[in-house]
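The structure under discussion appears below in the form of structure tokens.
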Protein chains: 2
Amino acid sequence: MPTIKDVAKYANVSVATVSRVLNKKGYVSKEAEENVLKAIADLNYKPNSVARSLYHKTSKMIGLLIPDITNPFFPELARAVEDVALTYGYTVVICNTDEDIRKEAQYLEALQQKYIDGLILTTNQLSADNYENLGIPLVALDRQFSNRVPTVSSKNYEGARQATEYLIENGSEFIAHIRGPYHVKPADDRYQGFKNVVEEQGIAHIVVDCDFTMASAMEVAQGLFEKYPTIDAVFASSDIIAAGVLKVAKNSNKQIPEDLQIIGFDGIPLGEMLTPALTTVAQPIYKMGALSARLLIKQIEKQPLDVKNYEVKTTIQYRETTRSDA
Amino acid sequence: MPTIKDVAKYANVSVATVSRVLNKKGYVSKEAEENVLKAIADLNYKPNSVARSLYHKTSKMIGLLIPDITNPFFPELARAVEDVALTYGYTVVICNTDEDIRKEAQYLEALQQKYIDGLILTTNQLSADNYENLGIPLVALDRQFSNRVPTVSSKNYEGARQATEYLIENGSEFIAHIRGPYHVKPADDRYQGFKNVVEEQGIAHIVVDCDFTMASAMEVAQGLFEKYPTIDAVFASSDIIAAGVLKVAKNSNKQIPEDLQIIGFDGIPLGEMLTPALTTVAQPIYKMGALSARLLIKQIEKQPLDVKNYEVKTTIQYRETTRSDA
DNA sequence: CTGAAAGCGCTTACAG
DNA sequence: CTGAAAGCGCTTACAG
């Protein structure tokens with residue numbers, strides 16, 4: 001690979017001049033510029049980003065820390081981040097942390113040593129300090145973890161309210177909410193939205209805990225239906241949980257949505273592949289990813305942020321696991 | 001962040017000595033070593049990988065080029081690659097190419113400028129030359145594209161044979177194969193496996209083309225069932241296609257697996273979330289990803305490859321869309 | 001065993 | 001307008 005020296009020699013100028021035309025900065029005569037441009041083309045020269053990194057202490061790379069790309073919520077998010085990163089000339093490094101504090105620390109160290117320009121975080125294991133001390137731009141995605149870092153999340157509370165109201169409008173009288181893990185902000189907010197609506201309207205309800213995995217959802221749903229056979233609707237805190245509920249319900253020969261309505265949360269592609277297709281509170285996942293990448297790049301490039309926190313709207317995706325009596 | 005100079009000053013030695021203890025290479029006195037180690041600890045010094053990259057022309061990063069992380073086959077693959085990369089101290093850059101030659105070229109250029117150490121490719125758009133001229137280690141994953149580059153793939157032909165034989169053993173007498181795109185090696189091999197078995201055994205069959213998307217699968221299946229209502233089994237070239245077939249079949253009130261058996265290919269998590277759960281020819285996806293990462297890192301680290309090409313075995317995952325008369 | 005020096009490929013004051 | 005030089009943070013011959 002040719003270096004800037006080769007170009008300089010070929011164009012009969014100094015490396016400084018080559019650098020100037022490369023960066024379009026500083027004066028350079030028409031003639032010199034033409035020679036340099038020709039040399040670059042002739043030699044098929046590409047500036048070496050490592051050398052640039054060393055000087056600028058910046059890398060044109062951003063890190064995306066997620067719990068696990070294998071969780072169907074994340075691929076679309078990652079895709080969006082990557083798409084906008086590519087547009088702006090950034091490259092993205094994906095880090096699966098498994099919410100494991102040691103892995104997070106290991107990644108952070110590696111990324112820092114590479115002059116990573118910024119981080120998008122969908123994780124809240126390490127305390128906020130660990131990130132803020134890095135001294136690089138951050139964006140929190142899905143979960144807010146410090147009011148000093150810009151955040152992109154969706155209106156979990158409002159979405160949960162709408163879901164619950166919709167089940168009630170459709171005639172359900174005994175609604176179960178299978179909530180996600182405690183201290184995970186979105187799970188808490190969805191729970192709160194559910195609770196407020198059923199209490200305001202005086203609807204019989206039951207809340208049970210669950211992981212965001214299908215296996216635990218099936219176990220929980222099994223127990224729930226045995227104990228409370230008259231439950232006529234489930235609001236699941238995620239689509240994966242809803243998928244588990246659906247499976248158990250069908251195995252127990254419940255008619256869906258006649259005997260039991262089910263509504264999920266997230267809007268992952270899985271939902272529409274199920275039969276019956278899952279009604280869900282859809283988050284604009286791609287948009288959230290894209291928004292967070294833009295927010296991060298703006299900070300990296302020192303542009304002013306007109307909005308610091310985005311709370312995007314959810315929309316109910318009406319499909320086949322709910323009735324529409326309303 | 002402290003640099004090697006700070007450490008040298010603190011330890012009262014030269015930077016050369018610090019570098020020697022960092023790299024455990026060259027002679028250094030017990031005493032000097034201790035001082036340096038203490039300095040490193042006291043200052044919390046981490047060597048800068050960018051500077052190292054510049055000197056060594058290597059980056060401790062590997063690139064993973066995939067068509068689209070949003071396709072459910074890839075997250076698990078990516079996860080595996082990332083897991084083993086982390087183990088060996090490498091970081092992975094994910095590139096969604098959409099099988100678009102311009103995007104691939106753009107990524108290749110960016111990665112090359114960063115001294116990427118090697119590439120795992122699951123794509124075959126660019127001609128082999130474009131990659132081989134990069135002069136860095138490569139591994140082809142899922143699809144072979146040159147006999148000079150180590151490849152990890154699964155026994156698509158054999159898997160397809162087994163699937164077809166299984167459907168026949170279970171009594172199916174008119175089998176449809178919905179194949180994937182032409183010139184995609186795995187799709188071709190699966191087709192070939194299917195064709196050979198039905199012809200050997202003299203079973204009525206029909207083959208139709210399809211993309212690896214659920215939408216096109218549903219369209220194809222719809223047409224297929226209308227034209228040939230007596231089809232009693234479908235071998236789909238991927239699980240996504242199978243999911244589409246399943247949906248259409250259920251909408252047409254076919255009893256599964258009584259009226260119609262369905263078997264997919266891939267073994268993605270979606271399969272078991274469906275109801276009935278999908279029988280499929282499962283590839284060891286995680287293993288394939290891990291294998292390819294190891295194969296790549298071995299090349300990067302100039303270790304001999306005892307095996308250059310891996311063809312891993314598939315296994316039928318018996319679930320609910322097939323009978324088991326056999 | 002150890003340090004001074006050159007070099008990896010760039011960029012940017014500083015002179016001129 | 002242009003070039004020589006220093007510097008980004010390392011590593012590694014080369015002397016000693």
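In what follows, chains carry the letters A, B, and so on, assigned in the order in which the sequence lines appear, proteins first and then strands, with residues in each chain numbered from 1.
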Rounded interatomic separation in angstrom, taking NZ from A/K24 and C1' from C/dT11: 16 Å
B/R20 CZ - D/dT12 C1' separation (whole Å): 8 Å
Minimum-distance pair of heavy atoms, taken over all atoms of A/V93 and B/T91: CG1-CG2, 3.7 Å
B/K298/B/D306 ion pair, N-O < 4.0 Å: yes
Which nucleotide in C/dT2, C/dG3, D/dT12 has an atom nearest any side-chain atom of B/V13: C/dG3
Side-chain N,O (B/S29) to OP1/OP2 (C/dC1) below 4.0 Å: no
Summary of protein contacts for nucleotides 5-10 of chain C, nucleotide by nucleotide, where a base hit scores B, a sugar-phosphate-only hit scores S (4.0 Å, heavy atoms): --BBBS
Donor-acceptor side-chain pairing of A/D42 and A/Y10 below 3.5 angstrom: yes
Minimum-distance nucleotide to B/K25 side chain [options: C/dG3, D/dT12, D/dT2]: D/dT12
Under 4.0 angstrom between B/T17 side-chain N/O and C/dG3 OP1 or OP2: yes
Nearest atoms (heavy-atom pairs only) where A/F74 meets A/P67: CZ-CD, 3.4 Å
Span that lies between the P atom of D/dA4 and that of C/dG7, in whole angstrom: 16 Å
Heavy-atom pair with the smallest gap, counting every atom of A/T17 and A/A32: CG2-CB, 4.3 Å
Name of the residue among B/T58, B/D117, B/I116 meeting side-chain contact (heavy atoms from CB on, under 4.5 Å) with B/I136: B/I116
Value in whole Å for how far the C1' atom of C/dG16 lies from OH of A/Y27: 16 Å
Heavy-atom pair of closest approach, residues A/K103 and B/L86: CE-CD2, 3.9 Å
Base-pair map of DNA chain D as dot-bracket, where | denotes pairing with a different strand and pairs are Watson-Crick or G-U under 3.5 Å: |||.||||||||.|||
Sub-4.5 Å side-chain heavy-atom contact between B/V149 and B/E132: yes
Inter-residue atom distance B/L111.CG - B/C95.SG, 0.5 Å rounding: 4.5 Å
